[in-house]
Amino acid sequence: MPARRVNPYRVKLHRDYAVQELAECLGVHKNTVRHWQGDGLKAIDGNRPTMFNGKATRAFLLARQTSRKRPCPPGTIYCFKCREAKAPALGMVEFIPGKGTTGNLTALCETCGTMMHRRANAAKIAEIMPRLAVQIRQAPSRLIERTPPSLNCDKPKD
Ligand SMILES: [Zn+2]
């Protein structure tokens, strides 16, 4: 059975929920709520039957989703089409400087050719993309010049 993705925003912040109510609100089985409890979801102290505070529940579910997101290993970018971290096609990555020290790494997925993006700190490019020659897209000032591809450019113009 595939894990069902719950929407934490269905839990109302200013409400308390019994196990069954919470299960119905999120469209999951009661046992799932019990399972969350085992995973660290705190019930309201001293309440019988068990009640959960909406705000705490939402925070728990959001934190859980965030921690599930696996960071991409070095040398890869997440491909939304393949739904997994993929290496850049032909080892080609481009860095587009953004505001401040961050920017976007872009590359084509080696598997499906989809454009992939990954936010990155300029100082960490070498760490994120080890052994890959990352092209820095020309920005207004002071960044590494990029040599244009020179194909027969010494041919005289008529
Ligand atoms: Zn892909």
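Positions are given from 1 along the sequence. Only heavy atoms go into these numbers, but all of them, side chains included; no hydrogens, no water, no symmetry mates.
Every residue two or more places apart in sequence or in another chain that forms a side chain to side chain contact (heavy atoms under 4.5 Å, CB included) with Pro73 is listed here: Thr76, Ala85. With sequence neighbours left out, Arg34 forms a side chain to side chain donor-acceptor pair (under 3.5 Å) with Gln37. Scored by the side chain to side chain donor-acceptor pair (under 3.5 Å) test, Thr50 finds no partners at all (sequence neighbours excluded). Scored by the side chain to side chain donor-acceptor pair (under 3.5 Å) test, Arg48 finds no partners at all (sequence neighbours excluded). A search for side chain to side chain contact (heavy atoms under 4.5 Å, CB included) contacts involving Pro8 returns Arg58, Leu61, Leu62, Gln65, not counting sequence neighbours. For Asp45, the salt bridge (charged side-chain N to carboxylate O under 4.0 Å, His left out) criterion is met by no residue, not counting sequence neighbours. Under the side chain to side chain contact (heavy atoms under 4.5 Å, CB included) criterion, Ala87 pairs with Glu110, sequence neighbours left out. Listed by chain and number, the residues in a side chain to side chain donor-acceptor pair (under 3.5 Å) with Thr114 amount to none (sequence neighbours excluded).
Note on Leu108: it does not cluster hydrophobically with Leu105, by side-chain heavy-atom contacts below 4.5 Å among ILVMFWY residues. No continuous path of hydrophobic side-chain contacts links Leu41 to Met51 [ILVMFWY only; heavy atoms under 4.5 Å]. Hydrophobic clustering of Ile, Leu, Val, Met, Phe, Trp and Tyr side chains at less than 4.5 Å, counting indirect connections, unites Met116 with Ile125. Clustering ILVMFWY residues whenever any of their side-chain heavy atoms sit less than 4.5 angstrom apart, transitively, puts Phe60 in the very cluster that holds Val28.
Side-chain contact between Lys12 and Tyr17: present, with at least one pair of heavy atoms (C-beta onward) separated by less than 4.5 Å. In this structure, the side chains of Val19 and Phe52 come closer than 4.5 Å at one or more pairs of heavy atoms. At least one side-chain heavy atom of Leu132 sits less than 4.5 Å from a side-chain heavy atom of Pro88. Counting only heavy atoms from C-beta outward, the side chains of Arg83 and Tyr78 approach each other to under 4.5 Å.
Formation of a donor-acceptor pair under 3.5 Å by the Arg137 side chain with backbone atoms of Phe95 is not found in this model.
A pairwise comparison of heavy atoms in Cys112 and Cys109 identifies N-SG, 3.3 Å as the closest pair.
Here the straight-line distance linking atom NZ of Lys42 with atom CG of Asn53 works out to 13.0 Å at 0.5 Å rounding. Taking NZ from Lys86 and NZ from Lys81, the interatomic distance works out to 12.5 Å, rounded to the nearest 0.5 Å. The line from CG of Leu26 to CZ of Arg10 is 6.5 Å long, rounded to the nearest 0.5 Å.
Among residues at least two apart or in separate chains, salt bridge (Lys or Arg N to Asp or Glu O under 4.0 Å) pairs with a member in residues 15-26 are Arg15-Glu21. Legend: side-chain hydrogen bond (donor to acceptor under 3.5 Å, both in side chains) pairs involving residues 116-132, not counting sequence neighbours, sorted by first then second residue: Thr102-Arg119.
Membership of an apolar cluster is not assigned to Ile96, as no side-chain contact below 4.5 Å to another ILVMFWY residue is traced. Under the 4.5 angstrom side-chain criterion for Ile, Leu, Val, Met, Phe, Trp and Tyr, Leu13 has no cluster partners at all.
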